[in-house]
Amino acid sequence: MKYILKYSFYEMVRSKWAYIYTGFYLCVTFALYLLSNDLDKTLISLSNITLALTPLIGILFGTSYYYSSKEFLQLLLSQPISRWHLFLGMYGGMAITLCVSILIGIGLPLISFGILSSASVNLFLLLMTMACTLSVIFSLIAFLIAMQFDDKVKGLSISIFIWLFFAILYDGFTLLLLFLFKDYPLDKFTIGAVITNPIDLARILITMNLDVSAMMGYTGAVMSKFLGKGIGMVVITISLILWTLIPLGLLKQMGIKKDF
Amino acid sequence: MKATIGLLILFFLKLSTHARTIVTCPECPIKSVHEAYDLAQNCDSIIIKKGQYQIDNLIVKKQIAILGYENPRLISKSGGEILTIASNNVSVSGIIFKGVKTNFLKENAAIHILKVKDFEISNNVFEECFFGIYVEKGKRGSIHGNNIYGNAKVEADSGNGIHAWYCDSLEIYNNNIRGHRDGIYFEFVNNSKIYNNRSFENLRYGLHFMFSNDDQYTRNTFENNGVGVAVMFSRRIKMLENIFIRNWGHAAYGLLLKEIYDAEIIKNTFKENTVGVFVEGSNRINYQRNDFIRNGYAIKFSGGCESNRISYNNFLHNSLDMLVSSKLLDNSLSQNYWSEYAGYDLDKNGNGDIPYYPVKLYSYILNQVPESVVLMRSLFVEIVNFSEKISPQFTPKDVFDASPKMTINQ
């Protein structure tokens, strides 16, 4: 598995898309910092960008990487290698590349601007963790989709729909439900709704660290009370772990059963 | 000749009322404040030296000055009031007051001022008293340089730092007030000035006006209270150069206005409050040159507000700039700087050429369903706001700044 992971990683690093992705983040981070000259503002803008982009890029990267390396996969399957290790290695190599791209593209410039010694170091670390987590989760989902559908066009369009669902439609449905049931106490429902969507979860965590004034009103107080406390952190971590473990389990199952 | 006689009379008067100083301390012949008071006559001074004094409601009916030397402590013996001032021209300074307990029948205060004129309460410390200073029907008094620290936990059994009822022409300045129900409370108090105070971490309001007219408060700081300042049922209040900061919580406002008329709100700073200013049924109010920085809502209008003028303010990075719950009649917005404004200025006159609409669809939704706060900053909300901006359906079309500034108002 180590070798597969290594080769998968090398292959990704050699492809131009990884460089374009890293370069894009580098450009955006530098541009934002040079325009505003304020680390806080740069972080706020970056968080808006990463929250929408990392899942999208993760899911598109994942699907297209699987399709492009499908033949290589089939070749390797003729060798005496565990199927589970093969799929895990392929996926791991890609996820690591995505995370490295983010760390280099956003992390390096911000560190060179001195974010580690500024007051917003916590927000920076949170942003990095969330960007990487979102990449990991969504590229894993992408792998599952691509394995399920052999047709490339179908796989890609479903991937885009999944991103659209989690990034936009989910919030729309949540709002609709909130509107429909506004006569009832909705605190627990809203917290539940937020926790089940990884993008929302990342956004809420970042918003709460960003400026507390954004989270206002009674629900804001309830949210920050819940999410700021120990039990909230535990629930968040469990939610994120489930979001990686369940798709990983599915990956294993599908990898073993997959018929080419 | 008349003048000389007059002067002579004055000279003898002065001789006959020569003020004495009575010193009391634990080692002195006069050991208690009550003894010292019994010996004192009008215009005398009582100096209380360092030490602890158990005392039970001394009623001051002579025109004297009570001065503390090296911070003596006056501790209430029974938990009741410590000093009741019932004479004009009394001054109290440099004393630490302690031990006034919560009472549900009487509003016990460390210093109770009762129907007198020209008093001065200065440079005292009030530690964990139910009420700090209670002024009842006082006139022309000044309260300054005091540190009033309470330990209020629950609104129902806590008192106010400085409480004034039916007063006129008070001056309250340079005080620090913390941990009471209301920092400063005014009820039926007219023509008074409050300045350079710091009121923080109070349970309810930093400063509270009820039925008080023609008052002015300037350069005060209100930090971390339930609500910074509440002005209710009052007329012609001037609010200048105050700082309202971090009044934060589920029902917290920087400034709460209810049924007030003809007020001036000028050059104040509202920073990081849940709601900067909450307005209900208030008419003819002038908001000018205020800074609203990083609040949840900068201004939230509830019903019945007429003829308010909002001009030359800076709205910087508030989550939402404005919310209007009902129709606003005859209110005007002009020459404000909005950090979210994305217009242009082709004729270079410093004002944007397209109007700015501060009420967003999301603030409307938020008002209907407060729980939707969790969707703030999400892509969905941005899209909804954008579509509303292009063709307004739900947000009021008549609330806009026709001449938004391109640069921050100085």
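Each chain gets a letter, A, B and so on, in the order its sequence line appears, and its residues count up from 1. Source: prediction; values computed, not measured.
Contact annotation for A:Ile44: only side-chain heavy atoms (C-beta onward) come within less than 4.5 Å of a heavy atom of chain B.
Most heavy-atom pairs under 4.5 Å with chain A: of the set B:Leu375, B:Val384, B:Leu379, B:Ile365, this distinction falls to B:Leu375. Of the listed residues A:Leu175, A:Asn48, A:Val194, the one with more heavy-atom pairs under 4.5 angstrom with chain B than any other is A:Leu175.
The side-chain heavy atoms of A:Ile168 and B:Ile383, taken from C-beta on, include a pair separated by under 4.5 Å.
To the nearest 0.5 Å, atoms CG (A:Asp200) and CZ (B:Phe380) are separated by 11.5 Å. Taken from CZ in B:Arg377 to CG in A:Leu51, the straight-line distance is 10.5 Å, to the nearest 0.5 Å. Considering CD of B:Glu371 and NZ of A:Lys188, their distance stands at 12.5 Å, rounded to 0.5 Å.
Around the CZ atom of A:Phe113, the shell of radius 6.0 Å holds more than 12 heavy atoms that belong to other residues, nucleotides or ligands. Within 6.0 Å of CZ on A:Phe181 lie no more than 12 heavy atoms contributed by other residues, nucleotides or ligands. At most 12 non-hydrogen atoms from other residues, nucleotides or ligands lie less than 6.0 angstrom from NZ of B:Lys271. Within 6.0 Å of NZ in A:Lys182 there are more than 12 heavy atoms belonging to other residues, nucleotides or ligands.
Close approach to chain B, defined as a heavy atom under 4.5 Å from one of its heavy atoms, is seen in no residue of residues 121-134 of chain A.
For the side-chain contact (heavy atoms from CB on, under 4.5 Å) with B:Ser372, the qualifying choice from A:Thr174, A:Leu178, A:Asp171 is A:Leu178, the only one to do so.
In this structure B:Arg198 satisfies the salt bridge (charged side-chain N to carboxylate O under 4.0 Å, His left out) test together with B:Glu223, sequence neighbours excluded.
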